[in-house]
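To keep things clear, I will list the structure first and then write my remarks on it.
In listed order, ligands and their atoms are each counted from 1. Heavy-atom basis, side chains included; hydrogens, waters and symmetry copies ignored.
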Amino acid sequence: MGTLIRNGTLVTALDTVRGDVLCDGGQIAAVGQGLDPTGHEIVDASDQLVFPGGVDPHVHMALPFMGTVSLDDYETGGAAGLAGGTTTFIDFVIPGRQDDAMDTLRAWREKSKVATCDYTYHMAVTCWRDESEEWLRRCVQEEGITSIKVFMAYRGAIGVEDPELIRAMATAAKYGAVVTVHAEHGDMVVELQNRFFEAGQIAPKYHALSRPSPVEGEATHRALMIAAQTGARAYIVHMTCRESVQALAEARERGQICWGETCPQYLLLDDSVYDRPDFEGASYVMSPPIRPRGHQDVLWNALTAGILQAVGTDHITFSHEQKKNGARDFRIIPNGAGGIQDRLSLLWHHGVRGGRFDAQRFVDLVSTRPAKIFDLYPRKGSLLPGADADVVVWDPEGTRTISAKTHFHRNDRSIYEGFEVKGIPTVVIAGGRIAYREGDLRAERGRGRFLARRVA
Ligand code: URP
Ligand code: ZN
Ligand code: ZN
């Protein structure tokens with residue numbers, strides 16, 4: 001027996017048509033009008049939209065980071081994603097500078113066994129040593145990991161220096177891997193952090209002040225220059241500001257193959273969040289930080305204009321207690337926030353309902369384009385027969401008030417607390433199975449699969 005989604009408005013990145021989708025054997029078996037319902041479970045999608053499951057290209061699950069481990073793991077993080085319409089995520093395998101990347105990969109495969117939704121990895125390069133080229137070759141050619149990650153920030157921990165960045169990019173280019181980049185000028189951040197801290201300025205807002213937008217803009221420009229000179233295809237993660245958008249736009253205008261991602265928090269929040277009393281500003285401590293007013297419109301316009309191609313979340317959850325590690329030193333507040341459950345609704349509400357772009361562009365940003373950039377398409381990000389049966393039935397009029405009291409994230413804060421959104425999933429099908437239906441989350445531990453990829 002399959003599942004037949006009937007009478008929906010099917011939205012893909014390319015077109016919008018009325019029709020049915022038959023999911024059978026874990027795949028999309030047929031798409032058309034008036035498909036035969038005999039023997040199938042029926043999902044009535046009248047007055048609803050039907051689109052491919054979301055692909056979140058940027059999450060961190062159970063990540064050992066800044067002296068602690070992030071709360072959501074492959075089970076809870078995946079489940080929260082399913083509840084929000086995301087059926088696939090891409091996590092980052094991050095070896096310590098001294099670690100063997102293949103050992104770290106094995107550890108990641110182990111912790112991924114509880115996954116509730118499908119996933120794949122980006123492999124981080126956190127230093128460059130004799131074995132690094134062979135590790136990258138194995139990742140791309142044997143392990144099905146066709147994207148790498150470099151951090152230009154986090155000096156002294158996972159961040160790389162320019163010569164390492166150059167080697168990583170050149171090697172990625174050789175094997176055809178995409179290079180994802182956290183772009184901030186690491187040394188400048190350290191200098192500014194220490195300047196504030198030594199002046200007794202220890203509160204969360206100094207996190208933001210020590211990472212001003214030119215620090216991101218310069219690093220974005222440099223990363224794109226190095227990518228161009230080495231022939232690498234670069235994807236700049238979590239872009240937040242005018243300066244970095246400008247660097248990306250200029251590179252694209254020059255004909256460089258490169259892409260940019262932003263996240264809902266950078267579109268919807270401004271830096272006043274850091275003034276919240278009782279250390280609540282710590283919930284918003286992430287890198288790069290939330291920007292002053294003005295940058296948000298630049299990001300929205302870049303999504304509208306096609307300068308940015310994807311919206312991820314950078315989902316990484318810490319409790320308030322964990323954030324309090326940095327109560328007397330903003331430099332050691334664990335960086336990051338959650339959002340995997342909220343991404344589609346926030347982008348629908350503020351992007352589509354807000355008149356920034358249409359439903360097809362929405363599907364492209366949250367699903368199809370990340371799937372294409374990271375070699376998952378058409379298995380993911382499409383409604384084509386033969387694709388994985390990851391399908392979202394979406395009520396454009398349904399509402400939700402986002403709250404830490406009700407979200408499926410594991411942490412005790414939501415950076416979107418009280419946000420009301422119109423546009424919610426009613427049914428989410430993952431691998432042909434109904435994983436979420438009208439508030440009822442039926443995620444199954446261990447059902448998620450690793451997606452091995454091949455360079456397109
Ligand atoms: O603050 C952030 N973004 N934390 C997660 C690690 C990263 O830089 O993506
Ligand atoms: Zn980052
Ligand atoms: Zn991240």
Is K149 in polar range of ligand 1, meaning some N or O pair under 3.5 Å apart? no
Minimum-distance protein heavy atom relative to atom 4 (N) of ligand 1: N335 O, 3.1 Å
Vertex the Zn ion (ligand 3), ends D314/OD1 and H58/NE2: angle to nearest 10° comes to 90°
Between R222 and D162, is a salt bridge (charged side-chain N to carboxylate O under 4.0 Å, His left out) present by the stated rule, with each step listed? CA-CA 9 Å; R222 183 160 31 108; D162 278 0; 2.6 Å; yes
May I ask you to identify, for D314, whether its side chain, its backbone, both or neither come under 4.0 Å of ligand 1 on a heavy-atom basis? side chain
Is there a side chain to side chain contact (heavy atoms under 4.5 Å, CB included) between L209 and Y274 once you walk through the steps? CA-CA 10 Å; L209 293 173; Y274 294 114; over 6 Å; no
Thinking salt bridges, do E216 and R291 make one under a 4.0 Å N-O criterion? yes
Face-on cation placement of R331 at F197 ring, 6.0 Å and 45° thresholds: yes
I333 and P204, any side-chain heavy atoms less than 4.5 Å apart: yes
Using a heavy-atom cut-off of under 4.0 Å, does the side chain or the backbone of M286 touch ligand 1, or both, or neither? both
Mark the output for F92 as yes if a heavy-atom distance to ligand 1 is under 4.0 Å, and as no if none is. no
Heteroatom test (N, O or S) for H60 near the Zn ion (ligand 3), limit 2.8 Å: yes
Identity and separation of the nearest protein heavy atom to atom 8 (O) of ligand 1: Y154 OH, 2.6 Å
Can a donor-acceptor pair be found between the side chains of R276 and Y284 at a distance below 3.5 Å? yes
